[in-house]
Amino acid sequence: MDEAMALAVRGQEELEQFHYREAAQLFSRAYDAIDPDSEESMAVGGRLVSALTKSGEFDRAIKVQKHLLERHVRALGETHPDTLIAVADLGGVFFAAGNYQKARDLYEWVLQVRIADLGENHPDTLRAVSNLASVYAAAGQYKLARMLYEQVVSSRIQLMGEDHPDVLEAQSNVAFTYAQLGRLDEAVQLNEQVCEAMVRVFGESHPNALNSMNNLASLYAQLKEPQKALGLYQRELEVRMRVAGDADPNVLTVINNISVSYYRMGDVAHAVEYCQRGRDLAAKTLGEEHQTTKEFAANLAMLLEQQARG
């Protein structure tokens, strides 16, 4: 047991460093070594599913999560709160794998049970509503998603107050649907409010605050305001590099966004600088043959050609 838990601790360290495949390997070894009927096995199994999902190993993640769910049902019954969490977690893996129909079926079942057991305005019910809305949004059904997200915002404000993290998360989701429905001005206004509140409540280095900056910058880019977008992307990059450095998988995306912003402003030299930086970092962290590295290389070649033409 001690050896297995040591493996799990190492797996958690790798997970926190965004080394998902390494984490999955360590959690897998720990999971196989622990008594399958123990509470520790359930906890390690959950971390294994998370690592497998983040590393894109969806088939294995689904298999492990189904096994965890079966154990919950046998031990606790189908409608126990812990079982419902396990069902939602399985839905989350299907969602990540792009199987929205199966994710929706699971989320809908959880929501029905939550409403029956807890009522419509309980925090756990609202989380189930939000999960279902996320499936509609991913499937392009933005009007349905917006309606559900707005319901969540209204109920959470009444329960938790305007600055609660769950309220801000829900408002960010509403803003996303506004943008997808072409309501860009409303999306920007709401995202500006959310971004300011995220930084104030969490601090600018928190993942939620950084994601909010990125969302707002993307909206500025859509509105053809590259200078505003650039400022936020640069701020986001500086914070991500300070907190996690090259290990943060979002760094490459932000570098690309900065390069694109410079290009849209007509500053090809700086666009080349950041594209080169992205290509070098992708080659270092992902390998020369990774698709992201090849995309950076292709963009860099195009920019260099344009720069040479003057």
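Everything numeric here is computed off the predicted structure, so don't read it as measured data. FYI, the numbering just counts along the sequence from 1.
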Validation: residues 94-103 side-chain donor-acceptor distances under 3.5 Å, sequence neighbours left out:
{"unit_1": "Asn99", "atom_1": "OD1", "unit_2": "Lys102", "atom_2": "N", "d": "3.3"}
{"unit_1": "Gln101", "atom_1": "NE2", "unit_2": "Asp105", "atom_2": "OD1", "d": "3.0"}

(request) Verify, without hydrogens or angle tests, whether His72 (side chain) and Leu68 (backbone) share a donor-acceptor contact under 3.5 angstrom. (result) yes
(request) Locate the shortest heavy-atom distance separating Leu48 from Ser28; write the atom from each residue and the value. (result) CD1-N, 3.7 Å
(message) Surrounding CD of Glu196 (heavy atoms of other residues, nucleotides or ligands, distance under 6.0 Å), is the total greater than 12?
(response) yes
(request) First locate atom CE of Met160, then atom CG of Asp166, and finally report the distance between them rounded to the nearest 0.5 Å. (result) 4.5 Å
(message) Less than 4.0 angstrom from a charged side-chain N to a carboxylate O is my criterion; do Arg29 and Glu3 meet it?
(response) no
(request) Would you mind reporting whether Asp163 and Arg200 have side-chain heavy atoms less than 4.5 Å apart? (result) yes
(request) Mind checking the CG-CE spacing from Asn191 to Met198? Nearest 0.5 Å is all I need. (result) 9.0 Å
(request) With sequence neighbours excluded, give me every ring pair (Phe, Tyr, Trp, His ring centres under 6.0 Å) pair touching residues 269-306. (result) Tyr262-His270, Tyr262-Tyr274
(message) Please say yes or no: joined through hydrophobic side-chain contacts below 4.5 Å, possibly via intermediate residues, are Leu232 and Leu184 part of one cluster?
(response) yes
(message) On a heavy-atom basis, which atom in Ala33 and which in Ala4 lie closest, and how many Å separate them?
(response) CB-CB, 3.9 Å
(request) Can you sort out the partners of Glu225 under salt bridge (Lys or Arg N to Asp or Glu O under 4.0 Å), two or more places apart, ordered by chain and number? (result) Lys228
(request) Return yes if some donor-acceptor pair links the side-chain N/O of Tyr107 with the main-chain N/O of Gly92 below 3.5 Å, else return no. (result) yes
(request) Only pairs at least two apart or in different chains count here, so list each ring pair (Phe, Tyr, Trp, His ring centres under 6.0 Å) that has a residue in residues 132-153. (result) none
(request) Taking the side chain as every heavy atom from C-beta outward, state whether Leu111 and Glu108 have any atom pair closer than 4.5 Å. (result) no
(request) May I have the step-by-step check of side-chain contact (heavy atoms from CB on, under 4.5 Å) for Leu230 and Gln234, ending in yes or no? (result) CA-CA 6 Å; Leu230 178 61; Gln234 288 178 323; 3.8 Å; yes
(request) Determine yes or no for a side-chain-to-main-chain donor-acceptor pair under 3.5 angstrom, with Thr125 supplying the side chain and Gly119 the backbone. (result) yes
(message) Strictly by ring pair (Phe, Tyr, Trp, His ring centres under 6.0 Å), give each pair with a member in residues 153-180 just once, sequence neighbours left out.
(response) none
(message) Starting from Leu84, can I reach Leu76 by hopping between I/L/V/M/F/W/Y residues whose side chains sit under 4.5 Å apart?
(response) no
(request) For Ser172 and Leu168, indicate whether the former's side chain and the latter's backbone hold a donor-acceptor pair under 3.5 Å. (result) no
(request) Determine, using the 4.5 Å side-chain heavy-atom cutoff (strictly less than), whether Val251 and Phe18 are members of one ILVMFWY cluster. (result) no
(message) Using a strict threshold of under 4.0 Å (side-chain N to carboxylate O), is an ion pair present between Glu305 and Arg309?
(response) yes
(request) Decide yes or no for Tyr31 and His67: does some side-chain heavy atom of the first lie under 4.5 Å from some side-chain heavy atom of the second? (result) yes
(message) To check you understand the geometry: which heavy-atom pair defines the closest contact between Ser259 and Ala271, and what is its length?
(response) OG-O, 2.8 Å
Anything under 3.5 Å between a donor and an acceptor, one on a side chain of residues 206-219, the other on a protein residue two or more places apart or in another chain? List them.
{"unit_1": "His206", "atom_1": "ND1", "unit_2": "Asn208", "atom_2": "N", "d": "3.0"}
{"unit_1": "Asn211", "atom_1": "OD1", "unit_2": "Arg240", "atom_2": "NH2", "d": "3.3"}
{"unit_1": "Asn211", "atom_1": "ND2", "unit_2": "Pro207", "atom_2": "O", "d": "3.2"}
{"unit_1": "Ser212", "atom_1": "OG", "unit_2": "Cys195", "atom_2": "N", "d": "3.3"}
{"unit_1": "Asn214", "atom_1": "ND2", "unit_2": "Glu236", "atom_2": "OE1", "d": "3.0"}
{"unit_1": "Asn215", "atom_1": "ND2", "unit_2": "Asn211", "atom_2": "O", "d": "3.3"}
{"unit_1": "Ser218", "atom_1": "OG", "unit_2": "Asn214", "atom_2": "O", "d": "3.0"}
{"unit_1": "Ser218", "atom_1": "OG", "unit_2": "Tyr233", "atom_2": "OH", "d": "3.3"}

(request) Taking only Lys NZ, Arg NE, NH1 and NH2, and the carboxylate oxygens of Asp or Glu, determine whether Glu204 and Arg235 approach each other closer than 4.0 Å. (result) yes
(request) Answer yes or no: is there an ion pair linking Arg21 with Glu14, defined by an N-O contact shorter than 4.0 Å? (result) no
(request) Find out whether Val49 and Asp89 are in side-chain contact, i.e. whether some heavy atom of one side chain is under 4.5 Å from a heavy atom of the other. (result) no
(message) Walk me through whether Leu190 and Glu186 qualify under side-chain contact (heavy atoms from CB on, under 4.5 Å).
(response) CA-CA 6 Å; Leu190 184 52; Glu186 292 171 274; over 6 Å; no
(request) Answer whether the closest heavy-atom distance between the side chains of Glu273 and Arg277 falls below 4.5 Å. (result) no
(message) Keeping Thr293 on the side-chain end and Glu289 on the backbone end, is there a donor-acceptor pair under 3.5 Å?
(response) no
(request) Answer yes or no: is there an ion pair linking Glu57 with Arg60, defined by an N-O contact shorter than 4.0 Å? (result) yes
(request) Flag the pair Lys66 and Glu70 as a salt bridge only when some basic side-chain nitrogen lies within less than 4.0 angstrom of an acidic carboxylate oxygen. (result) no
(request) Give a yes or no answer on whether the side chain of Ser130 reaches the backbone of Leu126 with a donor-acceptor pair at less than 3.5 Å. (result) no
(request) Report yes if some heavy atom in the side chain of His19 is under 4.5 Å from a heavy atom in the side chain of Leu15; otherwise report no. (result) no
(request) For Glu78, look at atom CD and say whether over 12 heavy atoms of other residues, nucleotides or ligands are found less than 6.0 Å away. (result) no
(request) Mind checking the CD-CE spacing from Glu40 to Met5? Nearest 0.5 Å is all I need. (result) 6.0 Å
(message) If you compare all heavy atoms of Pro249 against all heavy atoms of Tyr20, which two are closest, and at what distance to 0.1 Å?
(response) CG-OH, 4.2 Å
(request) Answer whether the closest heavy-atom distance between the side chains of Arg183 and Arg146 falls below 4.5 Å. (result) yes
(request) Run the numbers on Gln12 and Glu16 for side-chain contact (heavy atoms from CB on, under 4.5 Å), then give the verdict. (result) CA-CA 6 Å; Gln12 186 63 31; Glu16 291 171 358; 3.3 Å; yes
(message) If you apply the rule salt bridge (Lys or Arg N to Asp or Glu O under 4.0 Å), what do you find for Glu120 with Arg114, and how did you get there?
(response) CA-CA 8 Å; Glu120 293 187 352; Arg114 291 294 195 195; over 6 Å; no
(request) Would you check if Phe58 and Leu52 make a side-chain contact, meaning some heavy-atom pair closer than 4.5 Å? (result) no
(request) Check whether Val260 and Tyr220 end up in the same hydrophobic cluster, where Ile, Leu, Val, Met, Phe, Trp and Tyr are linked by side-chain heavy atoms less than 4.5 Å apart. (result) no
(request) Please check if the side chain of Gln65 supplies one atom and the backbone of Ala86 the other of a donor-acceptor pair under 3.5 Å. (result) yes
(request) Answer yes or no: is there a donor N or O on one side and an acceptor on the other, between the side chain of Ser155 and the main chain of Val152, under 3.5 Å? (result) no
(message) Whether the Thr285 and Asp246 side chains hold a donor-acceptor pair (N or O, under 3.5 Å, no angle test) is what I'd like checked.
(response) no
(request) Return yes if some donor-acceptor pair links the side-chain N/O of Ser134 with the main-chain N/O of Asn131 below 3.5 Å, else return no. (result) yes
(message) Hydrophobic clusters here meaning ILVMFWY residues chained together by side-chain heavy-atom distances under 4.5 Å, can you tell me if Ile157 and Val174 are in one?
(response) yes
(request) Work out which heavy atom in Thr177 is nearest to a heavy atom in Ala145; give both atom names and the distance. (result) CG2-CB, 4.0 Å
(message) For a quick test of reading the model, state the closest non-hydrogen atom pair linking Thr83 to Gly77 and the distance between them.
(response) OG1-O, 2.8 Å
(message) Just by distance, no angles: are the side chains of Glu295 and Asn299 close enough, under 3.5 Å, to form a donor-acceptor pair?
(response) no
(message) The test is side-chain contact (heavy atoms from CB on, under 4.5 Å); show your working for Val113 and Leu118 and say whether it passes.
(response) CA-CA 8 Å; Val113 177; Leu118 303 172; over 6 Å; no
(request) Could you tell me the separation between the CD atom of Gln193 and the CD atom of Glu162, rounded to the nearest 0.5 Å? (result) 9.0 Å
